[in-house]
Amino acid sequence: MAEGPQPKRKREEEEEEKNGGAAAPGGAAAAFTLSDLRVRRVLRESARDKVVFLHAEKIGLSGEGTDAVVILEKTPFQEEKIPDLLKKPMNAELQMHNDIYCTFYLSPPPELSEIKATVVYPATEKHIQKYLRQEVHLIRETWEDYKNITLPFIQSQSFSIQWVYNILEKKAEADRIVHENPDPSNGFVLVPDLKWNQNQLDDLYLIALVHRREIKSLRDLTAEHLPLLRNVLQEGKEAIAKRFGVPGSQLRIYLHYQPSYHHLHVHFTALGYDAPGSSVERAHLLADVIDNLAMDSTYYQKRALTFPLRADEPLFKKFQEAGKV
């Protein structure tokens, strides 16, 4: 956890945004089953992405409910199982037949109709608002805007990114690490994003989390960070090619601005996958970032950056109050 918030690695944002991130095994979400949850409302759904975001709650012994966000997502087809889809007994209801065209609605067996469920529990109001459908606006942020509006807002927030530190310190998800460069200044950890179930390569999605904790976003980067960024780019591509057989020429490698959580991270997705947040108003290709910093060390402290914000986001309200929207 612009494109609407995603289960983005947003354990967050994953959470972003899947804030859409990494719920550690054995954490709060492991203390109950999905049947313990009661749906309160649908926050948002996407027919294109085959995903629905639910506001749910778990009722405790006292009768009081604790909020949760549940993300239900239909998993992609697995190529090796496709032949079984037509062979196995199932209910096939004919909806339309016209000349050479037929439409059927199928009810496949459970093993061929999996749904991935991601749970954020306990969920704060910020989590709930994050997944609620909202109008989106484009913000054009100058460096002065960043210093006077965005940075003070970030510093005032207390949204936890402990899940990031848990991964870096191997307190969680250690078995999921695909690659690590342990250098404290120029190293990083590469892990699969929670949005990717690793059953197929079409929607490949990994995240590189840098070890340095003081770098919040693109705005903090200077030429000093070029060794780190080059390591992420080169070693990330090599690790993915070695583990998954996907060459660097078939990867989209980018940073978000604004990011869903303020610890520098880089997204690695399959080039053919229309990943959430990969559109032009939010994604900055890492190779371009490296070239820009090699040309001008303070490039990202000079140029204006455009990014989307939902109408309900507190940062959007700060820009409104400053007369920037």
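In this text the structure is predicted, and so the values were computed from the model without any measurement. Residue indices begin at 1 and follow the sequence shown.
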Legend entry - Residue pair Glu144 / Thr142, side-chain donor-acceptor N/O under 3.5 Å: no
Legend entry - Ile167 backbone acceptor or donor facing Arg176 side chain under 3.5 Å: no
Legend entry - For the student: nearest non-hydrogen atoms of Asp145 and Lys324, plus distance: OD1-CE, 3.1 Å
Inset, instruction - Give a yes or no on whether the backbone of Met96 and the side-chain of Thr103 come within a donor-acceptor separation of less than 3.5 Å. - result: no
Legend entry - Spacing of Asp296 atom CG and Gln301 atom CD [to the nearest 0.5 Å]: 8.5 Å
Inset, instruction - Take the angle between the ring planes of Phe188 and His179 and call it parallel below 30°, perpendicular above 60°, tilted in between. - result: tilted
Inset, instruction - Working to the nearest 0.5 Å, report the span between CG of Leu286 and CD1 of Ile253. - result: 6.5 Å
Legend entry - Passing option when His55 is tested against Val39, Asp67, Val69 for side-chain contact (heavy atoms from CB on, under 4.5 Å): Asp67
Legend entry - Main-chain N/O of Val51 paired with Asp49 side-chain donor or acceptor, under 3.5 Å: no
Legend entry - Atom pair CG (Leu271) and CD (Gln250), whose distance is rounded to the nearest 0.5 Å: 7.5 Å
Legend entry - Atom pair CG (Leu293) and OH (Tyr299), whose distance is rounded to the nearest 0.5 Å: 9.0 Å
Inset, instruction - Return yes if some donor-acceptor pair links the side-chain N/O of His263 with the main-chain N/O of Val164 below 3.5 Å, else return no. - result: no
Inset, instruction - Any chance you could measure Asn148, atom CG, to Trp143, atom CH2, to the nearest 0.5 Å? - result: 10.5 Å
Inset, instruction - Return the minimal non-hydrogen interatomic distance between Ser278 and Arg252, and the atom names on each side. - result: CB-CD, 3.9 Å
Inset, instruction - Determine whether Leu315 and Ile139 make a side-chain contact, defined as any pair of heavy atoms from C-beta on separated by less than 4.5 Å. - result: no
Inset, instruction - Side-chain contact test, heavy atoms from C-beta onward, threshold under 4.5 Å: evaluate it for Asn197 versus Pro76 and give yes or no. - result: yes
Inset, instruction - For Lys116 and Leu194, indicate whether the former's side chain and the latter's backbone hold a donor-acceptor pair under 3.5 Å. - result: yes
Legend entry - Flag, side chain of Asn186 to backbone of Pro227, donor-acceptor distance under 3.5 Å: no
Inset, instruction - Please determine if Arg44 forms a cation-pi arrangement with Phe53, meaning its NZ or CZ atom is less than 6.0 Å from the six-membered ring centre and no more than 45° off the ring axis. - result: yes
Legend entry - Heavy-atom closest contact (Phe268 atom, Ala208 atom, distance): CE1-CB, 3.8 Å
Inset, instruction - Run the salt-bridge test on Glu169 and Arg213 with the 4.0 Å N-O cut-off and return the result as yes or no. - result: yes
Inset, instruction - Could you tell me whether the side chain of Glu73 and the main chain of Lys50 form a donor-acceptor pair under 3.5 Å? - result: no
Legend entry - Heavy-atom check, side chain of His267 versus side chain of Ile207, under 4.5 Å: yes
Inset, instruction - Answer yes or no: is there a side-chain heavy-atom contact under 4.5 Å between Lys216 and Leu151? - result: yes
Inset, instruction - Test Thr66 against Glu64 for side-chain contact (heavy atoms from CB on, under 4.5 Å), laying out the working first. - result: CA-CA 7 Å; Thr66 302; Glu64 293 186 359; over 6 Å; no
Inset, instruction - Verify, without hydrogens or angle tests, whether Arg38 (side chain) and Ile59 (backbone) share a donor-acceptor contact under 3.5 angstrom. - result: no
Legend entry - Heavy-atom closest pair, residues Leu221 and Tyr300: O-CB, 4.4 Å
Inset, instruction - Please confirm whether the backbone N or O of Gln258 pairs with a side-chain atom of Arg282, one donor and one acceptor, at under 3.5 Å? - result: yes
Legend entry - Check: Tyr101 main-chain N/O paired with Asp99 side-chain donor or acceptor under 3.5 Å: no
Inset, instruction - Measure up the His256 and Tyr254 rings against each other and bin them: parallel (under 30°), tilted (30 to 60°), perpendicular (over 60°). - result: tilted
Legend entry - Note, Leu255 side chain near Leu264 side chain (heavy atom, < 4.5 Å): yes
Legend entry - Leu168 and His211, any side-chain heavy atoms less than 4.5 Å apart: yes
Legend entry - Hphob cluster co-occupancy, Leu218 + Leu138, side-chain heavy atoms under 4.5 angstrom: no
Legend entry - All ring-ring contact (aromatic ring centres under 6.0 Å, His included) counterparts of His225, not counting sequence neighbours: none
Legend entry - Min side-chain heavy-atom separation Arg310-Phe316 under 4.5 Å: no
Inset, instruction - Report yes if the side chains of Leu228 and Ile215 come closer than 4.5 Å at any heavy-atom pair, otherwise no. - result: yes
Legend entry - Common cluster, Tyr105/Ile82, ILVMFWY with side-chain heavy-atom separation under 4.5 Å: no
Inset, instruction - Look up atom OH in Tyr121 and atom CG in Asp36, then write down how far apart they are to the nearest 0.5 Å. - result: 9.0 Å
Inset, instruction - Establish, yes or no, whether a centroid distance under 6.0 Å links the rings of Trp196 and Phe244. - result: yes
